[in-house]
*Asks:* 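Take a look at this one; I'll ask things after.
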Amino acid sequence: MLIAQISDSHYLVPGQCLAGRFETSKAFEHLIESLASQPVSPDLILFSGDLGEDATREEYANIAGGLRSLDIPVLAVPGNHDLRAPMWEELPDMLGRTGDGHLCVSDTRFPLAIIGLDTLVEGSPHGELCPARIAWLEARLDELEGKPVLIFMHHPPIRTGHHFMDGIGLLSGGTDFERLVAGHGGVRAILCGHMHRGIQGTFAGVPVRVSPSASHQIAFDLREGEPYRFNDEPPQYMMHLWQPEQGLISHTVPVTST
């Protein structure tokens, strides 16, 4: 099974630039072209948050149009720049929704069960897994006992060493999340975004893969007290090859325009 992971497109409608320099709508067009030109088409696309920059219906409608043109199943979760209501209005076929209104998703169509976690705190840059979301996750993992599971979410559950970004990472719910991941025993990996860098780590003994941004990257700088800054590294995404005998093999792929 081949899974494409895209993250942090921060889509702005054509004619607008993020930070005065990144034409994110053009970057998204190039991303769609790059995915469409892959010699082996992914079986699934996972979008790990920050789809839009301003979270407008127009942004999500344009994103939906590009993704649907690929004719590949897509599952998405919100990031801190997203809003649940307009996402649900434009992307309902790519989302799940809990009884509490969180955009968590569970999908068992594939050899690897997929769980997407909504870590959004609307109006704030940090993430959380509140008791309601933890309870939802616990129920899903109980249903999937004995099966291999892949979890994707926006905010990483690990501390990366990038002090500013860690300060707006997953700030609550991590202890309960760790308990559930360790207790299930079948979680094969946790895929995240938010950091605008490719990062690898472990959490509860499980590999964590953080995808770079499909638009623009944040500079590698581990000094304390330093704010984040953008750099000129290219847009990127990840391709994860799931093979039961080997687990998840992950590749970082640059977006190249045609």
Side-chain angles (χ1 to χ4, degrees), residues 1-19 21-97 101-107 109-110 114 116-120 122 152-154 191-194 196 211-217 234-240 253-258:
M1 180 182 181
L2 185 61
I3 301 167
Q5 181 194 0
I6 58 181
S7 198
D8 295 272
S9 57
H10 290 265
Y11 186 97
L12 283 165
V13 295
Q16 297 185 37
C17 286
L18 189 148
R21 60 186 288 203
F22 299 110
E23 195 174 358
T24 58
S25 62
K26 186 63 68 175
F28 186 77
E29 291 178 15
H30 293 162
L31 169 67
I32 296 301
E33 293 168 0
S34 182
L35 288 166
S37 67
Q38 282 295 327
V40 178
S41 181
D43 300 293
L44 174 66
I45 295 171
L46 299 179
F47 209 141
S48 50
D50 278 358
L51 287 69
E53 172 66 13
D54 293 334
T56 66
R57 287 194 64 172
E58 184 179 5
E59 289 175 2
Y60 294 126
N62 290 351
I63 291 167
L67 292 172
R68 289 175 185 140
S69 73
L70 295 170
D71 197 27
I72 298 169
V74 179
L75 297 175
V77 292
N80 53 287
H81 277 264
D82 294 310
L83 291 174
R84 295 184 183 96
M87 273 189 76
W88 183 258
E89 289 165 350
E90 298 297 336
L91 303 163
D93 53 319
M94 303 176 191
L95 304 170
R97 187 160 61 175
H102 298 114
L103 300 185
C104 299
V105 62
S106 178
D107 196 314
R109 289 176 290 173
F110 304 97
I114 309 295
L117 294 177
D118 174 349
T119 58
L120 170 61
E122 290 194 347
F152 76 108
M153 57 202 289
H154 185 64
L191 308 182
C192 311
H194 189 53
H196 290 242
S211 175
S213 166
S215 172
H216 52 283
Q217 312 309 328
Q236 300 162 62
Y237 58 100
M238 298 193 79
M239 296 288 272
H240 306 284
V253 181
V255 175
T256 54
S257 59
T258 57

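Along the sequence shown, residues are numbered consecutively beginning with 1. Values below: every heavy atom of this structure, side chains too, minus hydrogens, waters and symmetry copies.
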*Asks:* What's the separation between atom OG in Ser34 and atom CD in Glu29, rounded to the nearest 0.5 Å?
*Replies:* 13.5 Å

*Asks:* So do Ile114 and Val105 actually touch side chain to side chain, heavy atoms under 4.5 Å?
*Replies:* no

*Asks:* Which pair of non-hydrogen atoms, one from Arg84 and one from Gly101, has the smallest distance, and what is that distance?
*Replies:* CD-O, 3.5 Å

*Asks:* Backbone N or O of Met153 within a donor-acceptor pair of the Thr119 side chain at under 3.5 Å?
*Replies:* no

*Asks:* Tell me the closest heavy-atom pair linking Ala214 and Leu31, and the distance in Å.
*Replies:* CB-CD2, 3.9 Å

*Asks:* So, Ser211 side chain and Gly193 main chain: donor-acceptor pair closer than 3.5 Å or not?
*Replies:* no

*Asks:* Could you pull out the closest heavy-atom pair between Arg57 and Pro86, with the gap in Å?
*Replies:* CG-CB, 3.9 Å

*Asks:* If you define the side chain from C-beta out and look only at heavy atoms, does anything of Met94 sit under 4.5 Å from Met87?
*Replies:* no

*Asks:* Return yes if some donor-acceptor pair links the side-chain N/O of Glu90 with the main-chain N/O of Glu58 below 3.5 Å, else return no.
*Replies:* no

*Asks:* Using side chain to side chain contact (heavy atoms under 4.5 Å, CB included), reason through Val253 and Gln38 one step at a time and then give a plain yes or no.
*Replies:* CA-CA 10 Å; Val253 181; Gln38 282 295 327; 4.0 Å; yes

*Asks:* Contact between Leu75 and Phe152 at the side-chain level, heavy atoms closer than 4.5 Å - yes or no?
*Replies:* yes

*Asks:* Side chains of Ser41 and Ile72, heavy atoms from C-beta outward: is any pair under 4.5 Å?
*Replies:* yes

*Asks:* Would you mind reporting whether His154 and Leu120 have side-chain heavy atoms less than 4.5 Å apart?
*Replies:* no

*Asks:* Check whether any side-chain heavy atom of Ser215 lies under 4.5 Å from a side-chain heavy atom of Thr24, and answer yes or no.
*Replies:* yes

*Asks:* Could you tell me if the side chain of Val77 sits less than 4.5 Å from the side chain of Leu117, heavy atoms only?
*Replies:* no

*Asks:* Nearest 0.5 angstrom please: His30 NE2 to Ser37 OG, how far?
*Replies:* 11.5 Å

*Asks:* About how many Å separate CG of Asp50 and CG of Asn80, when rounded to the nearest 0.5 Å?
*Replies:* 4.5 Å

*Asks:* Can you tell me how far apart CD (Gln16) and OG (Ser25) are? Round to the nearest 0.5 Å.
*Replies:* 8.5 Å

*Asks:* Is it true that a side-chain atom of Gln5 and a backbone atom of Cys192 form a donor plus acceptor pair closer than 3.5 Å?
*Replies:* yes

*Asks:* Tell me, with the steps shown, if Leu51 and Tyr11 meet side chain to side chain contact (heavy atoms under 4.5 Å, CB included).
*Replies:* CA-CA 6 Å; Leu51 287 69; Tyr11 186 97; over 6 Å; no

*Asks:* Of all the heavy-atom pairs spanning Glu59 and Gly52, show the shortest one and how long it is.
*Replies:* OE1-CA, 3.4 Å

*Asks:* Do any pairs count as a ring pair (Phe, Tyr, Trp, His ring centres under 6.0 Å) and have a residue in residues 33-63, sequence neighbours left out, and if so which ones?
*Replies:* none

*Asks:* Looking at CZ of Arg21 and NE2 of His216, how far apart are the two atoms once the value is rounded to the nearest 0.5 Å?
*Replies:* 9.5 Å

*Asks:* Is there a side-chain contact between Leu46 and Ile6 (heavy atoms, below 4.5 Å)?
*Replies:* no

*Asks:* Taking all heavy atoms of Asp43 and all of Phe110, pick out the closest pair and write down the distance.
*Replies:* O-CE2, 3.9 Å

*Asks:* With a 3.5 Å distance limit and no angle check, can you tell me whether Asp118 reaches the backbone of Leu103 through a side-chain donor-acceptor pair?
*Replies:* yes

*Asks:* Looking at every non-hydrogen atom in both residues, tell me the closest pair between Ser9 and Phe28 and how far apart they are.
*Replies:* CB-CD1, 4.2 Å

*Asks:* Can you tell me how far apart CG (Asp82) and CD1 (Ile63) are? Round to the nearest 0.5 Å.
*Replies:* 7.5 Å

*Asks:* Only counting residues at least two apart or in another chain, list the ones meeting side-chain hydrogen bond (donor to acceptor under 3.5 Å, both in side chains) with Arg68.
*Replies:* Asp93

*Asks:* Only pairs at least two apart or in different chains count here, so list each ring pair (Phe, Tyr, Trp, His ring centres under 6.0 Å) that has a residue in residues 62-95.
*Replies:* His10-His81

